[in-house]
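Side-chain atoms are counted along with the backbone in the values below, which use heavy atoms only and exclude waters and symmetry mates. Just so you know, these numbers come straight off a predicted model, no measurement behind them.
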Amino acid sequence: SVVINEVPNDHVIFRQGDVGDRFYIIVHGGVKIDNPTNTEQEAKGSSSDEGDGDDGQAAKESAGVEHILGSLGPGQYFGEMSLVNSDSQRTATITSTQKSILLSIDKDSFLTLFGCNSNIHVEFELRLLKHSATLKHILAHSLGVASFREFLEAEHAGENIDFWVAAKDFQSEREDNSGKRKEQAKHIFVTFCADYADRQVNLPHKMLADIDAKLHSDEGVTLDLFDAARQEIFRLLEKDKLGRYKKSQNFKSFSERLGIL
């Protein structure tokens with residue numbers, strides 16, 4: 001089901017440790033994400049063990065101490081783990097920072113509403129993986145491609161992501177026109193693969209020779225013409241560039257745009 005929730009300021013939407021069964025989209029207002037350093041139960045146990053002395057009093061005062069991880073505003077969302085595992089426990093406490101309107105959605109309703117939007121699915125994976133995200137996850141999101149391209153351009157390696165995108169788009173082409181397909185393939189080859197290419201990518205000579213031979217054969221060009229080359233460029237990017245990208249301001253900005261904390 002889809003439910004509209006109006007909550008007052010300083011209202012706890014859910015607490016760390018609660019079982020999650022819904023996720024939330026902020027329509028108006030905002031929330032803070034808090035990871036309490038001590039639970040009330042821990043403090044209660046400490047107080048019981050230590051009596052009412054100084055240590056017991058300190059334990060009481062430490063209960064519920066806030067450790068603010070960040071804040072979210074309109075258009076952002078939280079509680080997405082419930083879409084992966086409906087029995088998962090909440091990993092943080094979410095509290096409204098002002099009077100807010102939230103849209104809460106269960107897993108079945110989410111799949112019905114957003115099942116065709118690949119970016120939304122990828123965002124959930126990225127938010128769960130955070131810094132452990134692979135290049136595959138990053139490039140599955142349109143903003144990730146743009147962010148990684150900006151990083152590579154600064155490193156004078158932008159031709160690699162542009163070739164990867166062009167080869168991916170070529171492989172996905174569904175128009176049954178062999179003549180047009182061959183012209184598209186030649187354009188990619190001339191732009192990125194030929195010896196005289198302005199934006200030449202670093203590919204093995206044999207791989208380039210095989211592509212060239214297929215382009216000049218009488219047989220029709222197949223959609224998998226650039227697959228091996230695309231995989232090779234991906235492997236090089238993952239090996240040589242991904243680590244530095246994750247330490248860059250580009251990755252930080254990309255993460256912040258998705259509300260990844």
Side-chain angles (χ1 to χ4, degrees), residues 116-178 180-216 220-258 260:
C116 61
N117 191 321
S118 60
N119 269 354
I120 290 180
H121 285 289
V122 174
E123 283 186 26
F124 289 148
E125 291 182 332
L126 288 167
R127 290 186 67 176
L128 294 176
L129 293 168
K130 297 183 180 179
H131 200 76
S132 299
T134 66
L135 185 58
K136 178 181 177 181
H137 291 105
I138 293 167
L139 295 186
H141 197 290
S142 57
L143 291 178
V145 174
S147 173
F148 195 52
R149 176 183 284 114
E150 185 178 2
F151 167 79
L152 290 176
E153 289 290 355
E155 296 219 339
H156 308 287
E159 67 278 357
N160 292 285
I161 187 64
D162 288 340
F163 169 75
W164 184 87
V165 170
K168 181 175 180 290
D169 290 345
F170 178 83
Q171 193 274 336
S172 303
E173 180 61 53
R174 289 292 175 261
E175 185 175 351
D176 189 17
N177 186 325
S178 58
K180 182 178 179 181
R181 184 186 302 163
K182 195 163 191 174
E183 288 303 312
Q184 290 175 331
K186 286 182 177 178
H187 177 72
I188 293 173
F189 188 84
V190 168
T191 304
F192 299 105
C193 303
D195 290 338
Y196 51 84
D198 291 335
R199 310 195 69 208
Q200 188 180 42
V201 293
N202 184 22
L203 291 168
H205 176 75
K206 185 180 184 305
M207 188 178 289
L208 293 172
D210 288 345
I211 296 173
D212 192 30
K214 291 176 181 178
L215 281 173
H216 289 89
V221 172
T222 58
L223 293 174
D224 62 355
L225 177 66
F226 296 104
D227 277 8
R230 179 166 63 92
Q231 292 168 17
E232 174 65 11
I233 291 300
F234 182 91
R235 184 187 70 80
L236 292 174
L237 290 174
E238 193 166 44
K239 175 186 175 185
D240 299 333
K241 301 296 183 181
L242 180 60
R244 289 204 296 277
Y245 169 66
K246 286 186 174 182
K247 297 177 182 178
S248 71
Q249 181 61 41
N250 303 90
F251 181 69
K252 181 180 179 182
S253 298
F254 168 57
S255 300
E256 288 175 348
R257 287 192 68 179
L258 298 187
I260 300 172

Over 12 foreign heavy atoms within 6.0 Å of [atom1], [X]:
X	atom1	value
R199	CZ	yes
N202	CG	no
H156	NE2	no

Any residue meeting ring-ring contact (aromatic ring centres under 6.0 Å, His included) with H205, in chain and number order, not counting sequence neighbours: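 Scan of H205 (ring-ring contact (aromatic ring centres under 6.0 Å, His included), adjacent residues dropped) gives none.
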How many angstroms lie between [atom1] in [X] and [atom2] in [Y], if you round to the nearest 0.5 Å?
X	Y	atom1	atom2	answer
T222	R181	OG1	CZ	8.0 Å
H216	F189	NE2	CZ	7.5 Å
L242	S248	CG	OG	10.0 Å
H141	L258	NE2	CG	5.0 Å
L236	Q231	CG	CD	12.0 Å
I188	L225	CD1	CG	8.0 Å

Looking only at heavy atoms, what is the nearest atom pair of [X] and [Y], with distance?
X	Y	answer
L215	K182	O-CE, 2.8 Å
E232	P204	CG-CD, 4.1 Å
L208	C193	CD2-CB, 3.6 Å
L203	M207	CD2-SD, 4.0 Å
L135	E238	CD2-N, 3.8 Å
L126	I138	CD2-N, 4.2 Å

List in chain and number order the residues that pass side chain to side chain donor-acceptor pair (under 3.5 Å) with [X], two or more places apart in sequence or in another chain; answer none if no residue qualifies.
X	result
K206	D210
D227	none
N160	none
R230	none

Output a table of donor-acceptor pairs, distance under 3.5 Å, between side-chain atoms of residues 147-155 and any protein atom two or more places apart or on a different chain; print 'none' if there are none.
{"residue": "S147", "atom": "OG", "partner": "Y245", "partner atom": "OH", "Å": "2.7"}
{"residue": "S147", "atom": "OG", "partner": "N250", "partner atom": "O", "Å": "3.1"}
{"residue": "R149", "atom": "NE", "partner": "D162", "partner atom": "OD1", "Å": "2.7"}
{"residue": "R149", "atom": "NH2", "partner": "D162", "partner atom": "OD1", "Å": "3.0"}
{"residue": "E155", "atom": "OE1", "partner": "K241", "partner atom": "NZ", "Å": "2.9"}
{"residue": "E155", "atom": "OE1", "partner": "R244", "partner atom": "NH2", "Å": "3.0"}
{"residue": "E155", "atom": "OE2", "partner": "R244", "partner atom": "NE", "Å": "3.2"}

Strictly below 4.0 Å, N to O, side chains only: are E183 and K180 in salt-bridge contact? no
Validation row: F192, I233 side chains within 4.5 angstrom (heavy atoms): no
Decide yes or no for Q200 and E159: does some side-chain heavy atom of the first lie under 4.5 Å from some side-chain heavy atom of the second?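 No, side chains not in contact.
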